[in-house]
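Here is the naming used below: chain letters follow the sequence lines, and residue numbers restart at 1 for every chain.
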Amino acid sequence: MSRLQPRSFSSSVPSRANELLSEFHHHLGSGTLWPELARQLFDQMLRQPVPVSVRALNGLFAALARAPPSTACTNAPALVIDLFNRMAQAGRRQVTAPTIYTYSILIECCHRACRPDLGLAFFGRLLQTGITTDVITYSSLLKCLCDMKRTEEALGVLLHRMPNDLPNVISYSVILKSFCDSGRSHLALDLLRMMAEKGSDHSPSVVSYSVVIDGFFKEGEISKACDLFHEMMQQGVVPDVVMYTSIINALCKARAMDKAEVVLRSMVHNGVQLA
DNA sequence: TTAGGGTTAG
């Protein structure tokens with residue numbers, strides 16, 4: 001027998017924890033992952049002497065975070081929160097240690113499961129661990145604050161609490177959307193102006209403009225929306241298919257068919273970037 | 001491996 005054989009044999013045999021992980025994914029994919037089954041498989045996974053890699057664990061959580069509601073599992077993001085708590089309660093037993101990715105997925109799940117309060121609590125716990133935060137985790141935190149109608153506070157976090165240079169155009173768009181969703185598109189416009197002044201990484205993107213333009217339309221501020229659209233193009237930001245769809249739809253609803261036709265023709269004439 | 005915008009039919 002080759003001396004290499006035992007080694008290659010052992011590395012080719014999946015650990016019991018990995019087998020359970022595969023089973024988990026299988027049930028998720030075939031729509032048979034009832035929460036009780038998920039908890040059983042996960043608890044069994046935690047009891048294995050060889051834990052799964054943190055990357056595999058994050059992959060599992062990320063898949064659950066994205067899972068649409070099904071008969072078996074109506075709220076997969078809530079299940080992620082549950083499973084994370086079980087892992088945390090496993091105490092000193094050797095289990096997979098969470099990383100910034102784990103926390104990022106977890107806090108996003110709090111937002112999706114309509115438990116923004118838990119998102120804030122988990123973020124506090126993340127800070128205590130000493131793990132370095134990143135801009136993506138902050139985006140989910142900002143969403144949780146906005147869910148709780150604390151948009152101004154979220155803006156304060158973005159402007160004053162986030163480490164220097166961490167905020168980017170996506171962080172801002174979370175706040176822009178929240179102002180618009182609460183009927184305060186004028187505040188979103190102020191913020192958009194601030195972004196433009198800051199420049200570089202913070203310069204408004206087609207998404208930033210799209211959020212505020214759509215906000216104005218939804219508030220019935222047709223001319224403000226159109227003005228901003230023209231201003232955007234003067235700035236050299238190119239509209240994409242999402243923005244055209246939003247504008248044409250809004251103009252039609254506002255019975256401004258002539259304007260809608262102008263926008264449609266310019267879209268056809270100039271070509272359109274797919275989002 | 002973790003994040004932002006729109007619409008659609010029947």
Contact class for Thr102(A) (heavy atom, under 4.0 Å): base, sugar-phosphate, or nothing?
-> nothing
Per atom distances to the Asp214(A) side chain, the nearest of dG4(B), dA3(B), dG6(B) is dG6(B)
Any side-chain N or O of Lys143(A) under 4.0 Å from OP1/OP2 of dG4(B)?
-> yes
With respect to the side chain of Ile105(A), which nucleotide from dG4(B), dT2(B), dG6(B) is positioned closest?
-> dT2(B)
Which nucleotide in the list dG5(B), dG6(B), dA3(B) gets nearest to the side chain of Ser210(A)?
-> dG5(B)
Taking atom P of dG4(B) as reference, at what distance in whole Å does atom CG of Leu192(A) sit?
-> 19 Å
Is the distance between the ring centroids of Phe84(A) and Tyr103(A) under 6.0 Å?
-> yes
Could one point to a donor on the side chain of Ser173(A) or the base of dG4(B) with an acceptor on the other under 3.5 Å away?
-> yes
Same apolar cluster (I L V M F W Y, side chains within < 4.5 Å links), Val54(A)/Leu60(A) = no
Donor-acceptor pair (no angle test) under 3.5 Å: Asn249(A) side chain, dT8(B) base | no
Atom-to-atom span, CG of Leu126(A) to C1' of dA3(B) - whole angstrom = 15 Å
Ile175(A) CD1 - dG5(B) C1' separation (whole Å) = 15 Å
Using atom CG of Asn58(A) as one end and atom P of dA3(B) as the other, report the distance to the nearest whole Å.
-> 12 Å
Leu64(A) CG to dT1(B) P, straight-line distance once rounded to whole Å | 17 Å
If you check the Val135(A) side chain, which of dA3(B), dG4(B), dG6(B) turns out closest?
-> dA3(B)
Proximity to the side chain of Val169(A) - top-ranked nucleotide from dG4(B), dT7(B), dT2(B) = dG4(B)
Which nucleotide in dA3(B), dT1(B), dG5(B) has an atom nearest any side-chain atom of Val211(A) = dG5(B)
Carboxylate-amine/guanidinium proximity below 4.0 Å for Asp82(A) and Arg86(A) | yes
Taken to the nearest whole Å, CD/Gln273(A) to P/dG5(B) is 19 Å
Given dT2(B), dG6(B), dA3(B), which nucleotide is nearest the side-chain atoms of Thr137(A)?
-> dT2(B)
Distance below 4.0 Å between Lys218(A) side-chain N/O and dG5(B) OP1 or OP2 | no
Measure the CD-CG distance between Glu23(A) and Asn18(A) for me, rounded to the nearest 0.5 Å.
-> 12.5 Å
Whole-Å distance, Phe217(A) CZ to dG5(B) C1', equals 14 Å
Salt bridge or not for Glu197(A) and Arg193(A), using N-O below 4.0 Å?
-> no
Determine, answering yes or no, if Tyr101(A) is stacked on dT2(B) under the 5.5 Å centre rule and the 30° plane rule.
-> no
Send over the distance from Phe123(A) CZ to dA3(B) C1', rounded to a whole Å.
-> 14 Å
From Arg125(A) CZ over to Leu118(A) CG, what is the distance, rounded to the nearest 0.5 angstrom?
-> 9.5 Å
Tell me which nucleotide among dG5(B), dT2(B), dG6(B) gets nearest to the side chain of Thr245(A).
-> dG6(B)
Testing dT2(B), dG5(B), dA3(B) for proximity to the side chain of Arg112(A), the answer is dA3(B)
Considering only heavy atoms and no angle criterion, is a donor-acceptor pair shorter than 3.5 Å present between the side chain of Ser205(A) and the base of dG4(B)?
-> yes
